[in-house]
Amino acid sequence: MKVTYFGQSAFMLEGKKIKALIDPFISGNPKCDVDVSKFDDITHIFITHGHGDHIGDSLEIAKKCDSTIICNFEIGEFLRTKGYKVHTMHIGGRFEFDFGKVKMTPALHGSGIFHEGIFISGGNPVGFVIEIDDKKVYHAGDTGLTMDMKLLEDENIDLALLPIGGNFTMDIEDAVKSVNFIKPKTVIPMHFNTFEVIKADPNEFKEKVTKAKVKVLNIKEDFELK
Ligand code: NI
Ligand code: MN
């Protein structure tokens, strides 16, 4: 599986039967110069919660590519009324798609959707355990450290995508604790340095993690998960 980083919490996952984006906040990201109109074959878009830096360019890309949006029930039903193709799930649920299994996991955060000048409910924020071509990726979404992460140890995660920027999510110290809970083989830090308030040094995180490999990806850099 090929994993490409687009900054903040945005990743592309490419497998034999899927080309997916997770939380594609790209055109609004001051640190990312990727032209969103170039995406023309995205099969699935995962959205972890309703905040703008996660829904991001999802709708524009989904409309263009006829992608299926995978998200919680509340965000999904809202998008269904707008004509989008959605597959809704909820926390603790697992579903087998043609590309592999997906499990929705809890996140400790908010999920309001800013819509026409007010916040509407986006249900609960989530993370995803996504299996593609026999590899398991955990995208934590935006979350604080939770004891629930200890349960992910049994999932045998190959790659964990974890926020480290603090203020809205885990900071480096808590993200290191989460690595010790989850015990993934490899970790990629995310949700840092996009804005001043989530400033963090990914190399400090790398030095502090002792129980997993840490791969710090630059924006637009990819990583082959073998
Ligand atoms: Ni958020
Ligand atoms: Mn966020």
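Here the structure is a predicted model, which is why all the values come from computation and not from measurement. In each ligand, atom 1 is the first atom listed, and ligand 1 is the first ligand listed.
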Taking N, O or S atoms only and a limit of 2.8 Å, check whether [X] reaches the Mn ion (ligand 2).
| X | result |
| --- | --- |
| Asp53 | yes |
| His51 | no |
| His191 | yes |

Exercise for the section: Tally every protein N/O/S atom whose distance to the Ni ion (ligand 1) is less than 2.8 Å; waters are neither shown nor counted. Expected result: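 If we list every protein N, O or S atom nearer than 2.8 Å to the Ni ion (ligand 1), we get 4.
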
Between [X] and [Y]: side-chain donor-acceptor atoms closer than 3.5 Å:
| X | Y | result |
| --- | --- | --- |
| His44 | His87 | no |
| Asp23 | Thr48 | yes |
| Ser27 | Asp57 | yes |

Exercise for the section: State whether the side chain of Thr4 and the backbone N or O of Lys220 hold a donor-acceptor pair below 3.5 Å, judged by distance alone. Expected result: no

Exercise for the section: Could you tell me whether the side chain of Glu221 and the main chain of Asn218 form a donor-acceptor pair under 3.5 Å? Expected result: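 Between the backbone of Asn218 and the side chain of Glu221 there is a qualifying donor-acceptor contact (under 3.5 Å).
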
Problem - Short N-O contact, Lys2 and Asp222, less than 4.0 angstrom - result: yes

Exercise for the section: Would you mind checking if Glu204 and Lys208 are paired as a salt bridge, meaning a charged N to carboxylate O distance below 4.0 Å? Expected result: yes

Practice task
Flag the pair His139 / His54 as yes when their ring centroid distance falls below 6.0 Å, and as no otherwise.
Solution key: no

Exercise for the section: Measuring from the Mn ion (ligand 2), name the closest N, O or S atom belonging to Asp142. Expected result: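 In Asp142, the N, O or S atom with the shortest distance to the Mn ion (ligand 2) is OD2.
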
